[in-house]
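In what follows, a single structure is set out as structure tokens and then discussed.
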Amino acid sequence: MNARETRNDGDVVTSYKNAQTRTVTADGVTFAYRDLGPRTGMPVIFITHLAAVLDNWDPRVVDGIAAKHRVITFDNRGVGASSGKTPKTIEEMAKDAVTFIRALGFEQVEVLSFSMGAMIAQVIAQTDPQLIRRLILAGTGPAGGEGIKNVTRISHYDTLRALLTLQDVKQFLFFTRTPNGIRAGKEFLARLKERTKDRDKAIRPTSYFSQLKAIHRWGLAQPQDLSRIQQPVLVANGDDDRMVPTSNSHDLARRLPNAELVIYPDGGHGGIFQYHEQFVPTALEFFGRP
């Protein structure tokens with residue numbers, strides 16, 4: 001592997017809004033990433049969702065985990081400031097994620113993954129099991145899971161709703177339409193704007209449609225033997241996820257041999273963001289186990 005990294009360590013950064021955007025090049029792809037938190041212990045790699053760039057992670061979740069662990073977020077190939085062409089399968093995205101992690105010199109990591117990112121993480125846990133110590137799968141489902149093939153239709157529908165109402169599509173996709181969900185969505189979207197300098201590039205339409213195709217294929221795929229994933233897994237979601245139905249979280253928790261399940265009431269696809277005050281301590285306790 002040919003890896004080249006650009007960085008300027010300096011003082012340890014504890015706030016995501018101040019984390020420098022760095023790059024590492026491996027196998028012909030230059031990955032953009034941010035790195036914060038203490039340098040002791042095992043790092044936590046964040047693997048992100050459909051259409052997301054570095055600035056789409058909730059800073060309350062990132063900062064909360066970074067208070068105790070080194071946290072690294074990154075742009076998938078062809079997304080945001082990362083170079084290359086976006087893959088059209090989850091399996092290819094998983095290979096890219098492994099390439100990125102190994103380019104940073106890590107032999108084992110913790111993983112916090114969300115939505116499409118948690119599909120990617122499931123593949124990594126099977127193809128490179130020694131790379132992951134513990135794994136959080138949030139707002140996601142297994143290959144062939146209930147309703148996952150409908151993500152494209154739901155995303156298009158909610159994009160239209162957002163355009164017609166002059167709102168961010170994540171307000172509809174990630175949160176319930178209850179007063180609590182609507183308020184939580186607005187608060188989440190405000191947090192995403194806290195970083196004002198060195199913001200990432202938005203995803204290109206071609207990359208977005210490639211990701212949609214990958215998720216659609218995942219939804220149509222044959223179920224996998226999840227008993228092969230032996231790592232401890234925390235499965236988390238809201239109780240009313242309309243992107244990846246919450247039944248998939250229950251299915252994952254049943255089929256994974258070493259899993260525990262957390263479901264947040266009146267929570268949507270972005271339940272871990274809506275309930276970040278409860279989720280972060282749960283995640284820290286989970287990652288902190290020997």
Side-chain angles (χ1 to χ4, degrees), residues 15-17 19 34 36-37 44-69 71-75 80 110-121 135-141 151 154-155 158-159 162 167-195 199-200 202-203 234-246 248-249 252 261-287:
S15 175
Y16 193 51
K17 69 179 181 180
R34 293 179 186 153
L36 68 158
V44 181
I45 306 294
F46 280 43
I47 308 181
T48 198
H49 61 85
L50 169 70
V53 298
L54 293 169
D55 295 321
N56 289 120
W57 280 112
D58 189 336
R60 294 301 175 275
V61 173
V62 177
D63 292 356
I65 303 301
K68 300 289 186 181
H69 298 266
V71 168
I72 296 170
T73 65
F74 72 102
D75 279 333
E110 316 274 21
V111 169
L112 193 160
S113 56
F114 172 59
S115 192
M116 183 188 76
M119 299 170 189
I120 295 169
L135 174 62
I136 294 178
L137 302 174
T140 198
V151 166
I154 293 170
S155 297
D158 279 357
T159 297
Q167 296 185 68
D168 190 302
V169 67
K170 290 183 283 295
Q171 182 74 65
F172 297 100
L173 289 173
F174 283 15
F175 298 91
T176 57
R177 300 308 295 160
T178 65
N180 179 47
I182 292 170
R183 181 179 64 254
K186 291 178 179 178
E187 292 171 351
F188 166 75
L189 293 169
R191 295 195 297 272
L192 295 188
K193 297 177 181 178
E194 289 177 355
R195 184 185 181 99
R199 290 185 64 86
D200 203 357
I203 191 170
L234 175 64
V235 180
N237 206 348
D239 66 354
D240 189 18
D241 185 343
R242 52 189 299 276
M243 273 199 89
V244 182
T246 306
N248 288 288
S249 296
L252 280 172
L261 178 66
V262 176
I263 300 294
Y264 296 105
D266 189 21
H269 188 61
I272 64 168
F273 308 136
Q274 180 172 347
Y275 289 92
H276 61 89
E277 291 180 344
Q278 292 92 330
F279 170 71
V280 167
T282 299
L284 287 174
E285 190 278 328
F286 176 73
F287 286 140

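Since we're looking at a predicted model, the values are computed, not measured.
For T73 (side chain) and F46 (main-chain N/O), no donor-acceptor pair under 3.5 Å exists by modelled atom type. In terms of modelled atom types and a separation under 3.5 Å, the side chain of R60 and the main chain of R191 share no donor-acceptor contact. Checking side-chain atoms of D241 against main-chain N and O of G238 turns up no donor-acceptor pair under 3.5 Å. In this structure, S113 contributes its side chain and I136 its backbone to a donor-acceptor pair below 3.5 Å. Although no hydrogens or angles enter the test, the distance criterion places a donor-acceptor pair under 3.5 Å between the side chain of D200 and the main chain of L54.
For D239, the salt bridge (Lys or Arg N to Asp or Glu O under 4.0 Å) test picks out no residue, with sequence neighbours left out.
Closest of all the heavy-atom pairs between V44 and V111 is CG1-C, 4.5 Å. Between V61 and I272, the closest heavy-atom pair is CG2-O, 3.9 Å.
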### Query
Going through the distances and angles, do D240 and T176 end up as a side chain to side chain donor-acceptor pair (under 3.5 Å)?
CA-CA 7 Å; D240 189 18; T176 57; 5.9 Å; no

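Using a 4.5 Å heavy-atom threshold, the side chains of N248 and P245 count as touching. Residues Y264 and Q274 are not in side-chain contact: their nearest non-hydrogen atoms beyond the backbone lie 4.5 Å or more apart. Looking at V62 and R34, their side chains never come closer than 4.5 Å, going by heavy atoms from C-beta outward. At least one side-chain heavy atom of K170 sits under 4.5 Å from a side-chain heavy atom of N56. Looking at L284 and H69, their side chains come closer than 4.5 Å, going by heavy atoms from C-beta outward. Between L36 and D63, the closest side-chain pair of non-hydrogen atoms falls below 4.5 Å.
Atom CD1 of I45 and atom CZ of F74 lie 7.5 Å apart (nearest 0.5 Å). To the nearest 0.5 Å, the span separating CE on M243 from CG on N237 amounts to 11.5 Å.
Tested against H269, the residues F174, F175, F172 include a single side chain to side chain contact (heavy atoms under 4.5 Å, CB included) partner, F174.
Aromatic rings of Y16 and W57 (six-membered ring for Trp) have centroids beyond the 6.0 Å cut-off, not under it.
Contacts classified as salt bridge (Lys or Arg N to Asp or Glu O under 4.0 Å) and involving residues 181-190 (residues at least two apart or in different chains) are not found. Contacts classified as salt bridge (Lys or Arg N to Asp or Glu O under 4.0 Å) and involving residues 277-287 (residues at least two apart or in different chains) are given here: E285-R289.
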